[in-house]
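Data block below; observations after.
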Amino acid sequence: MKHIISFLLRTVPRKYLQLFSHWVLKVVSIFYTGNKVECPVCNAHFRKFLPYGRQSRENALCPNCLALERHRLMYLFLKNKTNFFTDKLKVLHVAPEICFIEAFEKLHKDDYITADIESPLAKVKMDIHQVPFDDNTFDVAFCNHVMEHVDSDLKAMSELHRVLKPGGWAIIQVPFFYPLEEKTVEDITITDPKERYRRFGQDDHVRKYGKDYAERLASAGFTVDANDYVKELPGDVVTRYALPKDETIFFCKKA
């Protein structure tokens with residue numbers, strides 16, 4: 001299974017994976033029946049999660065809702081550390097993850113706006129360098145695993161800051177490749193996929209983030225809490241939900 005998923009991720013265009021993979025995996029989930037792991041996003045449980053990744057990780061993908069390790073951790077953080085599930089909020093979700101869309105839309109209804117430059121799952125077609133909303137529009141913004149792809153991450157971060165209301169907050173996650181460099185390495189002029197993979201860890205990335213990621217977010221105007229929430233959780237919870245043990249949540253607030 002891990003070789004099949006790895007092959008599909010490398011060869012099938014992302015928009016088709018987004019449209020059809022969840023239907024296929026719902027069938028696959030029948031073969032993973034059990035109660036050893038549980039997804040907090042959809043409350044489904046299995047004997048284990050599916051492998052996932054171009055370089056496959058075991059016990060990663062929920063076959064019911066497609067939540068990955070980082071999504072399950074973010075969901076728990078939202079539930080236990082924020083007002084996301086208790087207050088009426090206007091939300092901008094950039095590059096929306098399919099595991100979140102139905103639940104977040106049910107919760108915030110028409111005030112939940114999904115946006116992306118190409119995703120078929122998004123309501124609004126949007127270039128994150130020029131967010132088509134007025135200043136101080138949203139209470140919350142999500143933007144995960146996008147900044148490593150865009151021409152100017154600092155411009156994109158500044159746009160998210162601009163459209164948040166004062167006191168609003170965002171979660172802006174990026175992938176990290178260890179050991180971390182001291183400073184982010186970037187070069188948008190590199191277009192060869194093999195060279196991008198060598199330099200940045202993936203063939204569609206234009207930068208590889210270093211220990212200065214929180215500083216880059218702060219340069220866009222955010223007050224940044226690099227929150228190691230997973231370390232607050234008991235070991236049996238981390239195991240039950242198959243959470244990432246080294247994922248820091250970058251909770252960004254607009255003063």
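- Note that CD1 of Ile113 is 8.0 Å distant from CG of Leu92, once rounded to the nearest 0.5 Å.
- Within the 3.5 Å criterion, the main-chain N or O of Lys231 finds no donor-acceptor partner in the side chain of Asp228.
- Taking the six-membered ring where the residue is Trp, His71 and Phe100 present perpendicular rings, their angle passing 60° and hence far from 30°.
- Shown here for Phe176 and Gly210, the closest heavy-atom pair between the two residues is CE2-O, 3.8 Å.
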### Evaluation steps, side-chain contact (heavy atoms from CB on, under 4.5 Å), between Leu160 and Met147
CA-CA 12 Å; Leu160 292 178; Met147 296 299 171; 3.8 Å; yes
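- The closest side-chain heavy-atom distance from Cys143 to Ile128 is below 4.5 Å.
- A side-chain hydrogen bond (donor to acceptor under 3.5 Å, both in side chains) with Trp169 is found for one member of Asp225, Asn83, Thr223, Thr82 and no other, namely Asn83.
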### Task
Evaluate the side-chain contact (heavy atoms from CB on, under 4.5 Å) criterion for residues Phe46 and Lys36: first the C-alpha distance (whole Å), next the side-chain angles of each, then the deciding distance (0.1 Å), finally the verdict.
CA-CA 6 Å; Phe46 305 94; Lys36 191 171 182 180; over 6 Å; no
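- Note that the OG1 atom of Thr114 and the CD1 atom of Ile98 stand 11.5 Å from one another [nearest 0.5 Å].
- Hydrophobic clustering (ILVMFWY, side-chain heavy atoms < 4.5 Å, transitive): Phe177 and Leu68 are in distinct clusters.
- Geometric assessment of Arg72 against the ring of Phe49 yields a positive cation-pi assignment under the 6.0 Å and 45° thresholds.
- Cluster annotation: Val37 is connected to Val238 through the hydrophobic network of ILVMFWY side chains, with a link wherever side-chain heavy atoms come within less than 4.5 Å.
- Minimum heavy-atom separation, Leu121 to Pro96: CD1-O, 4.0 Å.
- Put simply, Val131 and Leu217 are part of the same group of oily side chains (I, L, V, M, F, W, Y) that touch within less than 4.5 Å, one to the next.
- Here Leu89 contributes atom CG and Thr86 contributes atom OG1; the two are 7.5 Å apart, rounded to the nearest 0.5 Å.
- Annotation: side chain of Leu73 is in contact with side chain of Ile249 (closest heavy-atom distance under 4.5 Å).
- Minimum interatomic distance between Ala95 and Val146 (heavy atoms only, all atoms of both residues): CB-CG2, 3.5 Å.
- One finds the CG atom of Asp187 at 13.0 Å from the NZ atom of Lys208 (value rounded to the nearest 0.5 Å).
- Taking a cutoff of 4.0 Å between a charged side-chain nitrogen and a carboxylate oxygen, Arg70 and Glu97 do not qualify as a salt bridge.
- Hydrophobic clustering of Ile, Leu, Val, Met, Phe, Trp and Tyr side chains at less than 4.5 Å, counting indirect connections, keeps Leu78 apart from Ile172.
- Phe77 has its ring centre no less than 6.0 Å from the ring centre of Phe84.
- Within 6.0 Å of atom CZ in Phe85, more than 12 heavy atoms from other residues, nucleotides or ligands are found, so the atom counts as buried in its surroundings.
- Although no hydrogens or angles enter the test, the distance criterion places no donor-acceptor pair under 3.5 Å between the side chain of Thr239 and the main chain of Asp236.
- A heavy-atom distance below 4.5 Å is not found between the side chains of Arg199 and Val206.
- Judged purely by atom type and a 3.5 angstrom limit, His93 has no side-chain atom pairing as donor or acceptor with the backbone of Tyr112.
- Proximity of Tyr32 to Leu50: side-chain heavy atoms (C-beta onward) are separated by under 4.5 Å at one or more points.
- Between His205 and Pro175 the shortest heavy-atom distance is CE1-CG, 3.8 Å.
- Salt bridge status for Asp135 with Arg162: present, with a side-chain N to carboxylate O gap under 4.0 Å.
- The minimum heavy-atom distance between Glu69 and Pro244, with the atom names listed, is O-CD, 3.2 Å.
- Judged purely by atom type and a 3.5 angstrom limit, Lys165 has no side-chain atom pairing as donor or acceptor with the backbone of Phe138.
- Under the 4.5 Å side-chain heavy-atom criterion for ILVMFWY residues, no single connected hydrophobic cluster contains both Val185 and Tyr178.
- Applying the side-chain hydrogen bond (donor to acceptor under 3.5 Å, both in side chains) test between Asp203 and each of Arg196, Lys194, Arg54 identifies Arg54 as the sole match.
- Within a 6.0 Å radius of CG in Asp110, other residues, nucleotides and ligands contribute 12 heavy atoms or fewer.
- With hydrogens and angles ignored, the 3.5 Å screen pairs a side-chain donor or acceptor of Gln173 with a backbone N or O of Phe250.
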### Task
Kindly indicate, with the supporting measurements, whether the criterion side-chain contact (heavy atoms from CB on, under 4.5 Å) is fulfilled by Cys62 and Cys42.
CA-CA 9 Å; Cys62 172; Cys42 66; 3.7 Å; yes
### Intermediate values then yes/no, ring pair (Phe, Tyr, Trp, His ring centres under 6.0 Å), Phe104 and Phe142
CA-CA 11 Å; Phe104 290 2; Phe142 299 129; 5.8 Å; yes
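- Not a single donor-acceptor pair under 3.5 Å links the side chain of Arg207 to the backbone N or O of Thr184.
- Leu164 has its side chain within reach of Phe222: a pair of non-hydrogen atoms, C-beta onward, lies under 4.5 Å apart.
- A cation-pi contact, defined as under 6.0 Å to the ring centre and within 45° of the axis, is absent between Arg57 and Tyr52.
- Closest approach of Val91 and His108 over heavy atoms only: CG2-CD2, 4.0 Å.
- Aromatic rings of Phe251 and Tyr229 (six-membered ring for Trp) have centroids beyond the 6.0 Å cut-off, not under it.
- Inter-residue side-chain proximity for Tyr241 and Leu233 is flagged as unmet; no heavy-atom pair is nearer than 4.5 Å.
- With contacts defined as side-chain heavy-atom distances shorter than 4.5 Å, the pair Lys88/Asp111 qualifies.
- A donor-acceptor pair is defined here as one N or O able to donate and one able to accept, closer than 3.5 Å; such a pair exists between the side chain of Lys254 and the backbone of His161.
- Around atom NZ of Lys123, more than 12 heavy atoms belonging to other residues, nucleotides or ligands sit under 6.0 Å away.
- Not one N or O on the side chain of Glu186 forms a donor-acceptor pair closer than 3.5 Å with the backbone of Glu148.
- Taken to the nearest 0.5 Å, the CD atom of Glu182 stands 8.5 Å off from the CG atom of Asp212.
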### Query
For Lys81 and Glu232, what are the C-alpha separation, side-chain angles and deciding distance, and is it a side-chain contact (heavy atoms from CB on, under 4.5 Å)?
CA-CA 11 Å; Lys81 292 291 187 177; Glu232 299 178 21; 3.1 Å; yes
